[in-house]
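Below is one structure. I have some questions about it.
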Amino acid sequence: MTKFVFVTGGVVSSLGKGIAAASLAAILESRGLKVTLIKLDPYLNVDPGTMSPFQHGEVFVTDDGAETDLDLGHYERFITTRMKKSNNFTTGQIYKSVLEKERRGDYLGKTVQVIPHVTNEIQEFVRRGAEAQAVDVAIVEIGGTVGDIESLPFLEAVRQMSLKLGPANSAFVHLTYVPYIAAAGELKTKPTQHTVQKLREIGIQPDVLLCRADRRIPDDEREKISLFTNVALHGVISMPDVDTIYKVPRVLHEQGLDELICMKLQQLTKPADLRRWDSLVNEVEHPEHAVRIAMCGKYTDLSDSYKSLNEALRHAGIHNHARVQIEYVDAETLTPDTVGQLAAFDAILVPGGFGKRGIEGKIVAARYAREHRIPYLGICLGMQVATIEYARHVAGLAGANSTEFEPECPHPVIALIEEWKDRDGSIQKRSASSDLGGTMRLGAQSSDVKPGTLAHQIYGPVVTERHRHRYEANVNYLERLQQAGLVISALTQTEQLTEIVELPREQHPWFMGVQFHPEFKSTPWGGHPLFTSFVKAAIEQRARQGGSTAAPQDKVLA
C-alpha cells in the first residue's frame with residue numbers, strides 16, 4: 001500500500017516548498033524506498049503552457065508530453081523516478097473533469113458541489129498519480145499557501161484522504177516562514193503560529209514544521225513554536241538559507257526529518273546514505289576551473305524562467321570541475337553596435353522562447369558567435385535564429401525569417417509545417433500518422449544522427465530528447481542551406497524534421513543549435529552530454545584567448 005506525505009505552505013510563497021519536497025524524497029530514496037512526487041496547482045489554467053514565464057517561471061516538459069509546473073524539474077533532478085502527466089494537475093483540470101462528468105450524466109441528476117464531487121475528483125487524481133508508478137511513498141505538494149481561497153478544495157481533499165488512509169499511512173509537512181526583524185534584532189515566530197492555527201482550523205494537524213529563515217533557528221525559538229503549534233519539538237525543523245540547493249537533503253537529514261517520517265508511516269528501512277550528495281556539494285564548492293557564459297534571452301528579470309537551463313549548465317560545470325558563471329544579456333539590447341560586449345564571454349547560449357520581442361538581438365548574438373568563433377549553443381528558438389542568421393548572411397537569402405515573426409517574409413526558412421510549399425505552390429501535407437501541424441510538438445522523440453558530426457560525437461547514432469515548439473526548419477530550404485555549408489546533423493526518425501544544425505569543425509570550434517530542450521533531462525549525477533561538451537568548449541575557448549581557467553581559491557559555488 002502506498003503511503004502519502006502531504007506538503008503544504010504558509011505565510012508567503014517562494015519559500016522553496018518544491019525543493020523541500022524533492023529533498024525529502026531524495027533522503028527517503030537513499031533509504032531504499034521507491035518514491036514519487038505529485039504537484040497540485042490551485043490555478044484555473046488547465047496547464048501552465050499558456051502562462052507567461054514572468055508570472056510562473058519555466059514550463060517543464062515530461063517524456064510523455066505534459067506541460068507542467070517547474071517543480072517537476074526539481075523532482076527529476078533529485079530522485080530517479082521520472083515524472084509523467086499524472087504527476088501534476090491543476091484546479092482547471094479538476095473542474096474540467098467534473099464538468100465533463102456532469103454533462104455525461106455520471107452524477108445521475110445530483111447537485112454537483114465542491115464537497116463531495118470536486119474533493120473526490122482531487123483524491124482520484126492523487127491516487128492515479130501514485131498508482132502510475134507503484135511506489136512506497138508518494139509526496140504530494142500542494143501549491144499556494146494556507147489561507148488562499150484557491151487552495152481550500154485541495155486542503156479539504158487531502159484532509160479527507162488522510163482520514164480514510166489512517167494515521168500510519170499519511171503524514172503532513174508544513175513549510176512556514178520565520179522572519180528576522182533587523183530593527184528588533186529578533187526572529188519572529190508569530191507568522192508561523194498563525195499559519196498553523198489556520199491549518200488546524202481546516203482540520204489538519206501538521207506532523208512536521210519546516211521553518212524557513214535566513215539563519216538557523218535557535219532551540220528556544222523552536223520550543224516556542226512547538227508549544228504554540230502542538231507539534232512535537234523534534235518535528236520543528238530549522239531550514240536556513242543555504243548557498244546551494246544540493247545541501248538541503250543533508251540539512252534535513254541531520255535534523256531527523258526522514259527518521260520522523262519513516263516512524264510516522266511505519267516504514268522499516270536501511271539508514272540514509274547521502275554520500276553522493278556530500279560528494280556533489282564538495283565538487284560544487286571546490287571547482288578547478290571557471291567560465292563565463294552569456295545567456296542571451298528575453299526573460300532576464302527572473303531566473304525561474306530558465307530554471308532547468310541554469311541547473312543543466314551547473315551540472316555540466318560539476319562534470320567539468322568548473323564553476324559556471326551565467327550572466328543574462330537582454331536580447332532586446334543587442335544590436336550590431338552593442339554586440340561587442342559578448343567578446344568578454346567564453347561561450348554564448350541563446351535559449352528558447354516565443355514571440356517576436358528580442359529576436360533580432362538573438363540573431364545578432366548568433367552571428368557574432370559564428371564570426372568570432374565563440375562556442376555557441378542555441379536551444380529551440382536559439383537553433384531557429386541561428387538558421388535564420390546563416391540563411392541571411394551566408395546562404396544569400398536576404399530577408400530570411402520565421403513566419404512566427406514575419407508571416408510574409410520572402411524566405412520562410414522557419415515555418416509551421418502547413419506553411420511549407422512545393423515549388424509549384426501546393427502545400428506539403430503532413431504524414432497521416434502525425435498530428436504535429438500548427439500544434440505544439442511535445443514530449444520525447446528520437447532522431448538519427450549523422451556520422452562524423454559533433455552531434456554524433458556527443459550523442460552517438462540516436463538522440464532522444466523532449467520538445468516544446470510549433471515552428472520547424474522549412475524542408476524546402478535545407479538543400480540551399482547545406483550547399484552554403486550548414487550541417488544538418490540530426491533528423492527525426494518519423495518525419496525527417498530538422499533536430500540539430502551545426503557548423504563544420506574546421507570552420508568553428510563548437511557551434512550547434514538543437515530544436516529540442518536537452519535541459520529537461522539533465523541531473524546533477526549524470527549531467528547531460530550536450531551541456532558537458534558545451535562547457536568543456538567554453539573552458540577551451542578561455543584558454544585559447546589567453547585567460548586563466550582556474551577558479552578563485554576562495555569558496556565559490558555554482
Side-chain angles (χ1 to χ4, degrees), residues 1-10 17-18 20-22 24-25 27-28 33-42 71 86-91 94 113-176 192 195-210 226 229-232 234-237 257-269:
M1 179 179 178
T2 300
K3 314 271 185 166
F4 290 85
V5 178
F6 301 107
V7 180
T8 58
K17 194 159 68 249
L24 172 58
I27 311 170
L28 295 179
L33 295 172
K34 187 171 183 183
V35 186
T36 193
L37 293 109
I38 303 168
K39 176 68 184 291
L40 283 56
D41 280 307
D71 277 331
S86 56
N87 289 93
N88 183 210
F89 60 90
T90 69
T91 296
I94 295 295
Q113 297 175 294
V114 173
I115 300 173
H117 302 100
V118 171
T119 52
N120 285 348
E121 195 71 15
I122 292 169
Q123 292 174 61
E124 179 58 33
F125 271 60
V126 169
R127 290 192 185 94
R128 193 182 307 159
E131 292 169 358
Q133 293 159 316
V135 296
D136 301 308
V137 178
I139 298 175
V140 182
E141 179 192 347
I142 301 172
T145 55
V146 174
D148 295 345
I149 193 169
E150 297 93 343
S151 301
L152 282 173
F154 286 129
L155 294 170
E156 173 61 19
V158 299
R159 183 197 67 79
Q160 294 177 14
M161 194 169 177
S162 68
L163 187 64
K164 296 172 185 176
L165 289 167
N169 296 313
S170 65
F172 284 94
V173 175
H174 188 56
L175 185 75
T176 183
T192 293
T195 187
V196 175
Q197 182 182 27
K198 192 69 177 176
L199 193 62
R200 293 174 70 189
E201 286 176 5
I202 297 168
I204 296 173
Q205 170 62 49
D207 300 291
V208 178
L209 292 179
L210 300 181
S226 171
T229 60
N230 201 39
V231 175
H234 64 272
V236 180
I237 293 176
L257 175 61
D258 51 312
E259 187 67 29
L260 193 157
I261 294 297
C262 286
M263 289 176 63
K264 179 68 168 62
L265 301 181
Q266 297 182 3
Q267 294 284 294
L268 297 176
T269 71

Q) Going by heavy atoms in the side chains, are Val158 and Phe4 under 4.5 Å from each other? A)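 Not in contact.
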
**Q.** Nearest-0.5 Å distance, CG of residue Leu265 to CG of residue Leu165
**A.**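 Reported to 0.5 Å precision, the distance equals 10.0 Å.
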
Q.
Just so I know, are the side chains of Pro153 and Thr91 near enough to count as touching, which here means a heavy-atom distance under 4.5 Å?
A.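 They are not in side-chain contact.
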
Q) Which distance, rounded to the nearest 0.5 Å, do you find between the CG of Asn169 and the OG1 of Thr2? A) 9.5 Å

Q.
Looking at every non-hydrogen atom in both residues, tell me the closest pair between Gly144 and Ser151 and how far apart they are.
A.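 Scanning both residues, the minimum pair turns out to be CA-OG, 4.1 Å.
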
Q) With distance as the sole criterion, is a donor-acceptor pair present between the side chains of Gln160 and Glu156 under 3.5 Å? A) yes

Q: Just do the side chain to side chain contact (heavy atoms under 4.5 Å, CB included) check on Met161 and Arg127 with the steps written out, would you?
A: CA-CA 10 Å; Met161 194 169 177; Arg127 290 192 185 94; 3.7 Å; yes

Q. In a check of side-chain contact (heavy atoms from CB on, under 4.5 Å) between Leu210 and each of Val236, Leu24, Leu257, Val7, which one passes?
A.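 In the set Val236, Leu24, Leu257, Val7, the residue that makes a side-chain contact (heavy atoms from CB on, under 4.5 Å) with Leu210 is Leu257.
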
Q) Hey, what do you get for OG1 (Thr119) to CD1 (Ile94), rounding to the nearest 0.5 Å? A)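 Spacing of OG1 (Thr119) from CD1 (Ile94) equals 10.0 Å.
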
Q. Closest approach of Ala157 and Ile122, non-hydrogen atoms and distance?
A. CB-CG2, 3.6 Å

**Q.** Taking every non-hydrogen atom, the tightest pair across Gly18 and Asp71
**A.** CA-OD1, 3.5 Å

**Q.** Flag, side chain of Lys34 to backbone of Gln133, donor-acceptor distance under 3.5 Å
**A.**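 The answer is yes, because a donor-acceptor pair under 3.5 Å joins these two groups.
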
(Q) Can you tell me how far apart OG1 (Thr90) and CD (Glu150) are? Round to the nearest 0.5 Å. (A)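 Going from OG1 on Thr90 over to CD on Glu150, the span is 12.5 Å.
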
Q. Taking His174 as the fixed residue, which of Thr229, Thr192, Thr195 is the one that meets the side-chain hydrogen bond (donor to acceptor under 3.5 Å, both in side chains) rule?
A. Thr195

Q: Could you tell me which non-hydrogen atom of Cys262 sits nearest to which non-hydrogen atom of Leu33, and how far apart they are?
A: SG-CD1, 4.4 Å

Q) What's the shortest heavy-atom distance between Ile261 and Ala171, and which atoms? A)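 Smallest interatomic distance, heavy atoms only, reads CD1-CB, 4.2 Å.
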
(Q) Could you measure the distance from the CZ atom of Phe6 to the CG atom of Leu40? Nearest 0.5 Å is fine. (A) 9.0 Å

Q | Closest contact, heavy atoms only, Gly129 versus Ile38 | A |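 It is C-CD1, 3.8 Å.
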
Q) Is Ser226 close to Leu209 at the side-chain level, that is, under 4.5 Å between some pair of heavy atoms? A) no

Q. Taking the side chain from Asn88 and the backbone from Lys39, do they hold a donor-acceptor pair closer than 3.5 Å?
A.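 Checking the backbone N and O of Lys39 against the side chain of Asn88, a donor-acceptor pair under 3.5 Å is found.
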
Q | Separation between CZ of Phe154 and CG of Asp148, rounded to the nearest 0.5 Å | A | 12.0 Å

Q. Is the side chain of Lys17 donor-acceptor paired with the backbone N or O of Thr8 at a distance under 3.5 Å, no angle test?
A.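 Between the backbone of Thr8 and the side chain of Lys17 there is no qualifying donor-acceptor contact (under 3.5 Å).
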
Q: Say whether, by atom type as modelled, one donor and one acceptor occur between the side chain of Asp258 and the main chain of Leu28 under 3.5 angstrom.
A: no

Q: In sequence, state the C-alpha distance, the side-chain angles, and the governing distance for Gln123 and Lys164, and then conclude on side chain to side chain contact (heavy atoms under 4.5 Å, CB included).
A: CA-CA 11 Å; Gln123 292 174 61; Lys164 296 172 185 176; 3.0 Å; yes

Q. With a 4.5 Å heavy-atom cut-off, do Val5 and Val173 have their side chains touching?
A. yes

